[in-house]
S.K.: 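So that we are looking at the same thing, I have put the structure below in structure tokens.
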Amino acid sequence: MKTLLAEWHGQPQLEDARRIREALVDVLAKYEVAQANDFLLAASELIVNLTRYPNPKPNQLCLRFSRDEYFWWLELLDDGPSFSNFSQQINHPDLLEAAESGMGLKLLASCFDDISYVPACYREDSMNVMLLRQPIGKGPQLKRVLVVDDDPVWRAVLSGYLDGHYQVIVADSVAQAFQLILQDKPDLVICDLKMPENDGSVLFDWISHIPQVATTAFIYLSGCDDATLIESAVSRPIDDFLHKPVNKAELLQTLARVLLRRQHLTDQIQREVDQKITLGLHPSLPDNIGPFSCALRTVAPESGGGDLVLLRDSLLIFADLMGHGVQAKGFVYALAGYLRGLCAATARQQPDVAELLAQVAQGFDDDPVLQETLATITALELGAGGIIRVANAGQPQPVLIRGGEITRIPVDGPLPGLLVDSYHALELELLSGDRLILFSDGYLDAAESMPEMMITQLQYSATLPLGAAADFLMQETLNRAMPQDDLTLILLEKAEG
């Protein structure tokens, strides 16, 4: 059972963000929460986002800090319009200043493995709620099972059977169970069939229309003898039907079998989706693009998502697309299709690369699918005579190697999705012997300064043929450590003759 440790009310304004954050500091210290900095950053970020992005602004917010047997909980409720994404980007040492700059989901996902958002339309109190959880202890976490039964005796019996084998959550009605499924995202639901107000079939139908929980494993456990109701229930694609009374061994065996089967199907689907997405996104370029020679090298630590390279005539797009899980990777693939279509439509018009990024940013602002995707993008127009025009939306700055000197090209711009569509292009000319290097943040993060060792490697690479230089730089990177993010290097130089 979840225990509320502290609760604060306020309005979405910076003064309340500071006040609540300061109060949260004391609560986290009192309960000796190991992940205190993560919760402080999340509280600041989420409240400040409410001051900036929803339109109209919420009037009230409530921040709650709780715990149960397994987790610390941070919940932010607000009465504003529902939204589906947060902005990102920033590197500031002060947590509150960082939050005010708009980091968002990318940052929170790096701190919390368990993040849920439940829009107001699914809640009885008509409040949006963002939930973040961290395990209290270390080690493997038990699967979560929700027991739904209006009979308190059976709730107690089933909880006793499952205790020690699973994390158990209980609900006494379909309405309460629905809220807990959205909030807790249990791995499996054990639901009584015949209950007051709504029967268990209603609960299954409700969650079947919500993508985030539609695939939850579902078992009916009932003593109902209404043949019509049972026939209606089993006509749905549930995982099993057990009759009361049930003994502990039978219950545990059934849950283990259902969860194992679900995991097998999930893994199989994941592999198929990953393979298709990886093939669809795998970066490639020809050896020559107009007056430029080109070499591309890439490594993907895991399937799905990743780096995307598109070439349409003289227009080169290099994007880092970020997503976690099957659904997010689907959004990534949707973004790849959007970029391909946009490039195809604009390549015939001799596009300005800054205008192209502005169109992409506008697409992020307007499209609910793109809003679920995080991306950084560099656009280049490869012109005649070694002239390159480049615009940037959050990618690491390109590097120019000229006469042994290593220079980062000062071209920057906001990430798509920040409600900003102002980008500026920078023009440079590659002379004989020059090289321009583009790379994803698997090589060097956009905010990092370049270490001396990397500068030395780049200088040495300039003495090698282009393909050998690309191989050398990639291998040196892999020798340091296998990258956690996709790693792509693109080397360009003016072709001779």
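All residue numbers in this chain count up from 1 along the given sequence.
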S.K.: Could you tell me which residues satisfy side-chain hydrogen bond (donor to acceptor under 3.5 Å, both in side chains) with Q183, sequence neighbours excluded, listed by chain and number?
M.R.: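 In terms of side-chain hydrogen bond (donor to acceptor under 3.5 Å, both in side chains), with neighbours along the sequence ignored, Q183 is linked to no residue.
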
S.K.: With sequence neighbours excluded, tell me which residues meet side chain to side chain contact (heavy atoms under 4.5 Å, CB included) with P451.
M.R.: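 Per chain and number, P451 pairs via side chain to side chain contact (heavy atoms under 4.5 Å, CB included) with L444, M454.
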
S.K.: Go through the side-chain N and O atoms of Q134 and D114 and say whether any donor and acceptor fall under 3.5 Å apart.
M.R.: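 Note: Q134 and D114 side chains miss the donor-acceptor criterion.
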
S.K.: Once side chain to side chain contact (heavy atoms under 4.5 Å, CB included) is applied, do any residues pair with S201, and if so which ones, sequence neighbours excluded?
M.R.: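 Partners of S201 by the side chain to side chain contact (heavy atoms under 4.5 Å, CB included) criterion, ordered by chain and then number, come out as L193, D199, Y220, A233, R236.
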
S.K.: State which residues pass salt bridge (charged side-chain N to carboxylate O under 4.0 Å, His left out) with R67; sequence neighbours excluded, sorted by chain then number.
M.R.: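 Applying salt bridge (charged side-chain N to carboxylate O under 4.0 Å, His left out) to R67 gives none.
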
S.K.: Please name all residues satisfying side-chain hydrogen bond (donor to acceptor under 3.5 Å, both in side chains) with W154, sequence neighbours left out, ordered by chain then number.
M.R.: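 Scan of W154 (side-chain hydrogen bond (donor to acceptor under 3.5 Å, both in side chains), adjacent residues dropped) gives none.
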
S.K.: Is the shortest side-chain N to carboxylate O distance from K57 to D78 below 4.0 Å?
M.R.: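 Salt bridge between K57 and D78, a charged N being under 4.0 Å from a carboxylate O: no.
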
S.K.: Check step by step if side chain to side chain donor-acceptor pair (under 3.5 Å) holds for N392 and T378.
M.R.: CA-CA 4 Å; N392 191 8; T378 299; 3.2 Å; yes

S.K.: May I ask you to decide if T215's main-chain N or O and R262's side chain share a donor-acceptor pair within less than 3.5 Å?
M.R.: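 Here the side-chain-to-backbone pair exists.
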
S.K.: Residues two or more places apart in sequence or in another chain: which of them pass ring-ring contact (aromatic ring centres under 6.0 Å, His included) with Y70?
M.R.: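 Checked Y70 against ring-ring contact (aromatic ring centres under 6.0 Å, His included); zero matches.
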
S.K.: Going by atom type alone, with no hydrogens or angles, which donor-acceptor pairs under 3.5 Å involve a side-chain atom of residues 164-177 and a protein atom two or more places apart or on another chain?
M.R.:
residue: Q167; atom: NE2; partner: L142; partner atom: O; Å: 2.8
residue: S173; atom: OG; partner: Q176; partner atom: N; Å: 3.1
residue: Q176; atom: OE1; partner: D172; partner atom: N; Å: 2.9

S.K.: Taking side-chain hydrogen bond (donor to acceptor under 3.5 Å, both in side chains) as the definition, give me every residue that meets it alongside T254, ordered by chain and number, with sequence neighbours left out.
M.R.: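 Scan of T254 (side-chain hydrogen bond (donor to acceptor under 3.5 Å, both in side chains), adjacent residues dropped) gives none.
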
S.K.: Suppose the criterion is ring pair (Phe, Tyr, Trp, His ring centres under 6.0 Å): which pairs have a residue in residues 178-208, not counting sequence neighbours?
M.R.: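 Every ring pair (Phe, Tyr, Trp, His ring centres under 6.0 Å) pair that includes a residue of residues 178-208, provided the two are not neighbours, is F178-W206, F204-F218.
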
S.K.: Considering residues at least two apart in sequence or located in another chain, which fulfil the salt bridge (charged side-chain N to carboxylate O under 4.0 Å, His left out) criterion with K2?
M.R.: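 Checked K2 against salt bridge (charged side-chain N to carboxylate O under 4.0 Å, His left out); matches are E75.
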
S.K.: Listed by chain and number, what are the side-chain hydrogen bond (donor to acceptor under 3.5 Å, both in side chains) partners of N479, not counting sequence neighbours?
M.R.: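 Scan of N479 (side-chain hydrogen bond (donor to acceptor under 3.5 Å, both in side chains), adjacent residues dropped) gives Q475.
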
S.K.: Kindly write out the residues that satisfy side chain to side chain contact (heavy atoms under 4.5 Å, CB included) with E22, not counting sequence neighbours, or none if the list is empty.
M.R.: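 Counting only residues at least two positions away or on another chain, E22 forms no side chain to side chain contact (heavy atoms under 4.5 Å, CB included).
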
